[in-house]
Amino acid sequence: MYTPTMPNENNDTEEKKGLPGLRAAMDRKNLSLSQLSHLVGTTSTTLSRLANKKAGASTDFLEKLADKLETTTDQLLGRTPPASSEASA
């Protein structure tokens, strides 16, 4: 089971800042925290901590989330905006 890293005052890397794009990606896929937690092998509490910037994710776990959510790691990290489903309409 995945255990998140905790933010550290002395280690302010981007990996430690949570996943600001996680909730939007979950909404696009109509997935709850519980459903996604089962897909990626962690707890809904861990995903909530990631979404609320209370914990960071390893690169491997971040890639797993992006794969399951059919998005990019940059979108989960909030570096790029999510692809708009309305843009193709």
Check the pair T71, R28 against side chain to side chain contact (heavy atoms under 4.5 Å, CB included), reporting the backbone distance first and the verdict last. CA-CA 10 Å; T71 190; R28 284 191 305 278; 3.6 Å; yes
Could you measure the distance from the OG1 atom of T42 to the CZ atom of R49? Nearest 0.5 Å is fine. 11.5 Å
Which residues share a side-chain contact (heavy atoms from CB on, under 4.5 Å) with D60, sequence neighbours left out: S58, E63
Identify the two heavy atoms, one from L39 and one from K68, that lie closest to each other, and give their separation to 0.1 Å. O-CE, 3.6 Å
Could you report the tightest heavy-atom contact between G18 and P20, atom names first, then the distance? O-CD, 3.5 Å
State, with a plain yes or no, whether a side-chain heavy atom of L47 is found less than 4.5 Å away from one of L65. yes
Start with the C-alpha distance between T73 and T59, add both sets of side-chain angles, then the distance that settles side chain to side chain contact (heavy atoms under 4.5 Å, CB included), and finish with yes or no. CA-CA 9 Å; T73 56; T59 302; over 6 Å; no
Where do S44 and S34 come nearest, in terms of heavy atoms and distance? CB-N, 4.1 Å
Measure the spacing between OG1 of T46 and CZ of F61 and express it to the nearest 0.5 Å. 7.0 Å
Once side-chain hydrogen bond (donor to acceptor under 3.5 Å, both in side chains) is applied, do any residues pair with D67, and if so which ones, sequence neighbours excluded? none
For S48, side-chain hydrogen bond (donor to acceptor under 3.5 Å, both in side chains) partners two or more places apart: N52
Does L31 reach the side chain of L69, with side-chain heavy atoms less than 4.5 Å apart? yes
Holding to side-chain contact (heavy atoms from CB on, under 4.5 Å), I want the full list of residues that pass it with T72, two or more places apart in sequence or in another chain. D74, Q75, T80
Applying salt bridge (Lys or Arg N to Asp or Glu O under 4.0 Å), can you list everything that pairs with K29, at least two apart in sequence or on another chain? E70
Specify the closest pair of heavy atoms between N30 and Q35, including all atoms of both residues, with the distance to one decimal. O-OE1, 3.6 Å
Would you please name every residue forming a side-chain contact (heavy atoms from CB on, under 4.5 Å) with A51, sequence neighbours left out? L22, R23
